[in-house]
Amino acid sequence: MLSRGRLTIIRDSIMSIPAFDEIIEQNDQTEARLASLNALRELTGNVYPNKFARTMVSGSEDTITAIKAFGPVAKVVEEIAAVVATLAERERPPAEVKDALNERLRAFGIVRISGRLTTPPRGNFVHLTDGISKLQVYCDKKGGVALVKNDGLDTLDAENGWNAWKLLDHGDFIGVEGYLFITNTGELSVHIEKLQFLAKSMLPMPDKMHGIADAEIRQRQRYYDLIGSSLAVEHEGLTTREVFEVRAKTISSLRRFLEDAGYVEVETPMLTPKATGAAAKPFETHHNALDIKLYARIAPELYLKRLVVGGFEKVYELNRNFRNEGISYKHNPEFTMLEFYCAYMDVEGMMDFCEELMRDSVRKAAGGLQVKYEGKEIDFSKFERITMRESILKYAPDAEITDANITELFDEHAEPNLIQPTFIVDFPKSISPLSKADPKDPNIAERFELFINGMEVANGFSELNDPREQYERFVDQMAQREGGDEEAMVLDEDYIRALSYGMPPAAGIGIGIDRLVMLLTNKHSIRDVILFPHMRPEKKDSSDAAETKED
RNA sequence: GGUCCGAUAGCUCAGUCGGUAGAGCAAGUGGCUUUUAACCACUGGGUCGCAGGUUCGAGUCCUGCUCGGAUCACCA
């Protein structure tokens, strides 16, 4: 570790490095916390110990959530809650009921749990959180509490448990050893016998009742937002933590469903020499050693179909794509897409499978097929199928539809009205360069898009596997590119070569995961379902003008 | 890029007609010690986003700017 003096010399010689106090502004709050940290150091030695071993009373590691979910403990909590429910406002549960339950809790012996203080310690109670659940702990001044010193030997200091307790701040981490009991008011708690200090919070905690009002801080400092959601006493809708639990469940259920159906997960390049496979503007970067331009992929599509050529009959990738376009409530520069391909399937089969897949995922992540979204109820139990033309006429009966204006009319009249899950089929072939034509109509592509709440959630088609026709479609795209359409698709010569080896008939789909999660979590903005959404660089408003030049 | 809204204590927010800068929480001190959303009492804490203007006087009115949000445009 650098000495302070040397640190200052280094910092002063490199102008662009801010001082610690410039990053973490010092004020009365941080000074108070520093004072208590120093006082704790006197008592406990190291204030940043390396570990805390939790017990396995619940059958697995005793996180707070695990202890509270542990059957016999949950049963006791349920029983006391039933008793408390019959009591008047200030009335206490009868001692004999409480004592009987406490006897049952004592049977579990000693537990060791740890977590963050959800309030400043007030009196001799405080709640700890493991990020999801809270559990109260009780520090008995009269009975005596030992402090576990962080000297590497866990030396017990019988005198100073209470003194250390008084130095705890809102947000600190502690570990406690003790026994479970029910308090006079009927709450499950841990009676602390040994207290160990684990880590300090040097900054104030978010407002417990109101949360963090500033959306920018919520998104930029997601850790702070998540702390807030673990402290929240009451809240409407899902906490931030719960949103990302739903996201995780959505993704894991999609993976499980696909794997159960025989799909193999693969990873294809994120850095690609050509940005193709979708109509979008790419991010560019440069490979120094090779001295070539590379693009962050806009879609894995053409790589996945190369794998179908190679014999992966069912293949999927669930990962990030990057598009250098505008940011909006439904667009983030990097977003997560599930793409998969199934040999010998056509667009109809893919729509059927997509329905099953999404139903399974919605059921597992949201708990049912009816999902409340912004005052509407979205019903995933039935997916409508309607042609693009029909959908326009449904909402604009007098529209005069031509090949040239059909997508424009669709975007304007139909798309915003497609609230319930709806597959739009019969796309113009001209805007579907990777899609097979309808055998009955050469101007129509065998393609669908799934719309929910006016948002495109999925896009799939019967995959074009005739290499010569694919070549011609690319040439057509390149011509449009010459004509100024920056998003027209780029010819991929190696992909033509791959198709020339023969690709079986196949259907493929891309599903926008972020948008699906928005629907399942009742979030209006894609930024609320991405942990660290793209933000403008943080501006330091104060002092230090003329810094941060990128040489 | 256009339009609208916002920025006041560490956090969440009030601030009337332009007249001494406010509350709750958080923090400090003392009390209490089986409490219950945030116990009781007292204390400290402000570049009112930045710059300029009008005015005897600006958190408040005007202009410009910065940052953010919403929305439109853009984005099959």
Side-chain angles (χ1 to χ4, degrees), chain A residues 24-36 84 89-90 92-93 95 98 102 118-127 134 136-143 162 165-166 169-171 181-187 189 191 201-220 224 227-228 231-235 278-281 298 323-333 335 388 406-408 410-411 415 424 427-428 430-433 435 445 447 449 451 456 459 485-489 510 524-525 527 535-543 545:
Chain A
I24 306 301
E25 190 192 338
Q26 303 297 301
N27 54 35
D28 64 322
Q29 315 275 318
T30 57
E31 278 160 22
R33 285 163 183 269
L34 189 58
S36 71
V84 169
E89 183 73 18
R90 288 269 152 195
R92 297 288 158 85
K98 197 172 64 107
N102 279 337
T118 67
T119 61
R122 199 180 290 289
N124 27 19
F125 285 96
V126 82
H127 285 86
K134 288 187 260 188
Q136 182 167 259
V137 298
Y138 170 65
C139 187
D140 183 2
K141 182 183 183 183
K142 290 178 195 150
W162 178 258
W165 172 266
K166 284 192 296 184
D169 283 311
H170 188 189
F181 76 110
I182 297 288
T183 65
N184 283 346
T185 54
E187 178 166 345
S189 304
H191 187 118
S201 173
M202 294 304 293
L203 291 171
M205 293 291 103
D207 187 295
K208 201 171 152 181
M209 296 309 293
H210 305 92
I212 305 155
D214 187 333
E216 185 195 355
I217 293 175
R218 279 209 309 271
Q219 292 162 4
R220 207 184 279 286
Y224 189 58
I227 291 169
L231 303 181
V233 175
E234 45 190 57
H235 50 87
K281 285 177 237 167
I298 56 175
R323 297 187 182 176
N324 203 345
E325 292 166 352
I327 295 171
S328 80
Y329 74 96
K330 54 183 174 179
H331 296 269
N332 194 60
F335 64 100
M388 186 178 269
I406 186 165
T407 53
E408 199 180 316
F410 173 78
D411 289 350
E415 182 171 339
I424 296 297
F427 274 65
S430 58
I431 59 164
S432 311
S435 177
R447 173 181 176 186
E449 282 187 358
F451 287 86
E456 180 195 342
N459 177 15
D485 181 357
E486 283 182 85
E487 294 180 358
M489 230 174 266
H524 178 69
S525 170
R527 292 174 163 210
M535 307 285 287
R536 285 196 176 79
E538 198 168 356
K539 287 276 164 56
K540 288 282 180 204
D541 41 328
S542 62
S543 68

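Since we're looking at a predicted model, the values are computed, not measured. Order of the sequence lines sets the chain letters (A, B, ...), proteins ahead of strands, with each chain counted from 1. Basis for what follows: all heavy atoms, side chains included, without hydrogens, waters or symmetry-related copies.
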Using atom [atom1] in both nucleotides, what's the gap between [N] and [M] to the nearest angstrom?
| N | M | atom1 | result |
| --- | --- | --- | --- |
| rU34(B) | rA70(B) | C1' | 49 Å |
| rG2(B) | rU47(B) | C1' | 33 Å |
| rC48(B) | rC39(B) | C1' | 33 Å |
| rU12(B) | rG57(B) | P | 35 Å |
| rC17(B) | rU60(B) | P | 15 Å |
| rG19(B) | rC62(B) | P | 15 Å |
| rA14(B) | rA23(B) | C1' | 7 Å |
| rA21(B) | rU16(B) | C1' | 15 Å |

Taking atom types as they are modelled, is there a donor-acceptor pair under 3.5 Å from the base of [N] to the side chain of [X]?
| X | N | value |
| --- | --- | --- |
| R447(A) | rA76(B) | yes |
| Q29(A) | rA26(B) | yes |
| D28(A) | rG44(B) | yes |
| T185(A) | rU36(B) | yes |

What is the nucleic acid contact for [X], judged by heavy atoms within less than 4.0 Å: base, sugar-phosphate only, or nothing?
| X | result |
| --- | --- |
| D411(A) | sugar-phosphate |
| Q136(A) | base |
| A279(A) | base |
| W162(A) | base |
| R323(A) | nothing |

Query raised in the report: Taking OP1 and OP2 of rG69(B), is either one under 4.0 Å from a side-chain nitrogen or oxygen of R527(A)?
Result: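 Yes, because at least one side-chain N or O of R527(A) sits under 4.0 Å from OP1 or OP2 of rG69(B).
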Query raised in the report: Just to confirm, is there a sub-4.0 Å distance from OP1 or OP2 of rA73(B) to any side-chain nitrogen or oxygen of H331(A)?
Result: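 No, outside the criterion.
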Report summary line: One should read off an interatomic distance between N459(A) CG and S435(A) OG, to the nearest 0.5 angstrom, of 8.5 Å
Query - Gap between atom CD of Q26(A) and atom CG of L34(A) - 0.5 Å precision - result: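 Between atom CG of L34(A) and atom CD of Q26(A) there are 7.0 Å.
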**Report entry** Listed nucleotide nearest any side-chain atom of E487(A), set rA27(B), rC75(B), rU34(B)
**Finding:**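 Ranking rA27(B), rC75(B), rU34(B) by closest atom to the E487(A) side chain puts rC75(B) first.
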**Report entry** Shortest non-hydrogen contact from R323(A) toward A278(A)
**Finding:** NH2-CB, 3.4 Å
Requested in this report: Would you please enumerate the stems RNA chain B participates in, each stem being three or more consecutive Watson-Crick or G-U wobble pairs with both distances under 3.5 Å?
Outcome: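 Ordered by first number, the stems with RNA chain B (at least 3 consecutive pairs each) read B:1-7 with B:66-72, B:10-13 with B:22-25, B:27-31 with B:39-43, B:49-53 with B:61-65.
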